[in-house]
Protein chains: 2
Amino acid sequence: MASAKYSNQSRYTVAVDCIVFGYDGQNLKILLVKRALTPLKGKWSLMGGFIAKNESADEAASRILADLTGLKDIYQEQFYTFTKPDRDTQERTISIAYFSLIDIKKYKESISTAYQAQWFSIKDYPELIFDHGEMVKMAQKRLQYKATSHAILFELLPDKFTIPLLQSLFEDVYETNFDKGNFSRKMLSTGLLQKQKDKDKTGSKKGAYFYKLDKKNYQQNLHKFLKLVPNPNNFI
Amino acid sequence: MASAKYSNQSRYTVAVDCIVFGYDGQNLKILLVKRALTPLKGKWSLMGGFIAKNESADEAASRILADLTGLKDIYQEQFYTFTKPDRDTQERTISIAYFSLIDIKKYKESISTAYQAQWFSIKDYPELIFDHGEMVKMAQKRLQYKATSHAILFELLPDKFTIPLLQSLFEDVYETNFDKGNFSRKMLSTGLLQKQKDKDKTGSKKGAYFYKLDKKNYQQNLHKFLKLVPNPNNFI
DNA sequence: CCAAAAGTGTTACAAATACACCCATGG
DNA sequence: CCATGGGTGTATTTGTAACACTTTTGG
């Protein structure tokens with residue numbers, strides 16, 4: 001192992017920031033925290049932190065998310081690195097941005113306490129520090145883009161969910177409405193859903209069957225997920 | 001402007017590495033250079049460099065590319081940031097990876113001299129330093145992914161090109177064969193191509209009409225680019 | 001005139017959309 | 001018994017894929 005360093009090069013702090021998405025059955029939401037550091041202490045921001053000496057960015061993102069939510073093995077994806085020299089007013093900091101998808105209900109309790117964290121609708125959230133607003137916008141676009149061809153939105157739902165709930169999630173993510181008949185048939189045609197015996201009767205008198213993701217066929221049928229979103233053109 | 005710094009945080013050198021794609025009419029190629037720095041001086045690597053104090057990563061990538069090729073306003077896109085703590089044997093370095101698309105013929109001369117740069121087929125290139133091999137693989141996938149729904153491969157072709165040439169480019173990028181009739185009709189149906197009056201007769205006796213990208217209708221018709229690649233499932 | 005590549009036409013099939021209709025049940 | 005949301009059926013239209021066919025022209 002060499003001990004020499006690259007001479008005459010600048011070095012910067014490198015951070016990870018996480019856009020955490022959740023879905024409460026009504027609205028797509030993001031999780032924000034009140035910033036603990038100066039500058040701008042107390043302002044709303046994304047959950048983030050610096051990359052430590054012996055961890056990768058992925059590991060840092062996992063650590064930060066576990067710290068905030070108490071959750072491990074969360075879906076997360078690096079999507080862009082923000083590098084404008086003056087993006088952080090304190091000191092030049094490179095930020096590697098991630099988005100995460102979590103089941104909001106399952107973990108609602110464990111979250112809110114620690115960091116003064118709070119869920120906000122993606123359509124109405126407070127002003128954020130630095131370029132975090134830009135990060136959120138980009139994360140939302142990436143989520144739309146990715147979900148046209150990958151079965152990732154299930155990560156936002158409980159283990160058992162109904163097709164009408166799934167549809168309302170898609171409608172909220174894509175800010176549009178789908179025909180229920182066509183939506184249902186497309187989803188079922190992927191072979192990804194396993195029908196359960198029980199129904200959810202909270203939403204209607206007839207009740208809607210619960211489904212689970214079929215993890216056995218998950219990998220084999222993932223490619224069928226293409227074209228699930230009508231007119232994906234608009235989101236790409 | 002605050003002069004205070006984040007205390008007790010590690011700082012790392014931050015680099016940009018570029019995967020430069022070109023197409024010579026036969027094969028999709030990448031541009032590699034012989035590394036000028038220790039360690040591993042003289043080994044094949046991607047073109048890269050450190051991010052300077054007053055530039056963003058985008059600016060650094062443009063600068064590095066202009067330096068290597070003499071070209072400005074090249075298509076480039078940040079696609080992933082590589083962060084494994086030991087990826088660089090000299091010193092921990094974060095690398096923000098970009099891919100670029102250039103018209104190989106137009107600039108072939110100005111390139112090769114400066115940095116001992118050389119084009120290699122994407123199917124057969126030498127072993128690369130650090131994690132650069134991984135970067136190339138990921139860039140290739142991203143190119144395939146993106147080009148299923150965005151008209152970016154034109155960046156690899158001269159201003160005037162024939163549909164058979166365009167087809168062979170697509171076939172090379174996706175490592176498959178397309179029906180020429182269907183391919184031609186799909187491309188023309190986008191409204192993105194302007195037929196020219198002259199033909200390219202180098203490839204056949206009949207000759208193939210040249211086309212140009214219709215930059216007026218480019219933005220309006222971009223969305224039509226979806227589904228141009230048969231079975232895009234395989235590449236997503 | 002013929003080989004070889006460019007380009008067009010045709011047909012069978014698969015898919016997406018729109019929308020009408022039936023189902024189940026709590027109140 | 002009826003309003004309400006869940007779920008199914010189906011006709012129309014559109015898109016896709018395969019492949020046969022015509023065109024052009026240098027040698």
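Worth knowing before you read on, the calculation uses all heavy atoms, side chains too, and leaves out hydrogens, waters and symmetry mates. Here is how names work: the chains are called A, B, and so on, in the same order as the sequence lines, proteins then strands, and each is numbered from 1.
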Review item, nucleotides 25-27 of chain D N/O atoms under 3.5 Å of protein N/O:
residue, atom, partner, partner atom, Å
dT25(D), O4', K205(B), O, 3.4
dG26(D), OP1, K201(B), NZ, 3.4

Interatomic distance where CZ belongs to F210(B) and P belongs to dA6(C) [whole Å]
12 Å
Could you verify whether a donor N or O on one side chain and an acceptor N or O on the other, from Y174(A) and T148(A), lie under 3.5 Å apart?
no
First encountered from the 5' end of DNA chain D, between G181(A) and G203(A):
G203(A)
Distance, rounded to the nearest Å, where K186(B) contributes NZ and dA18(D) contributes C1':
12 Å
Correct closest heavy-atom pair for F21(A) and L156(A) would be O-CD2, 3.3 Å
Which whole-number value in Å describes the distance from N182(A) CG to dT12(D) C1'?
13 Å
For T202(A) and D200(A), test the side chains for any donor-to-acceptor distance below 3.5 angstrom and give the result as yes or no.
yes
Donor-acceptor pair under 3.5 Å, R185(B) side chain vs dG7(C) base
no
Atom-pair distance (CG on D200(A); P on dG5(D)), nearest Å:
14 Å
For the pair made of CG in D179(A) and P in dT10(D), what is the distance, rounded to whole Å?
16 Å
What integer distance in Å separates F183(B):CZ from dA6(C):P?
12 Å
Can you tell me which residue pairs pass the salt bridge (Lys or Arg N to Asp or Glu O under 4.0 Å) test with a partner in residues 68-77 of chain B, sequence neighbours excluded?
E77(B)-K146(B)
Write down the distance between CG (L165(B)) and P (dA5(C)), rounded to a whole number of angstrom.
15 Å
Report the distance from atom NZ of K180(A) to atom C1' of dC19(C), rounded to the nearest whole Å.
11 Å
Salt bridge (charged side-chain N to carboxylate O under 4.0 Å, His left out) against R63(B), all qualifying residues, sequence neighbours excluded:
E55(B)
Quick check: closest heavy atoms across L65(A) and C18(A), and the distance to 0.1 Å?
CD1-CB, 4.5 Å
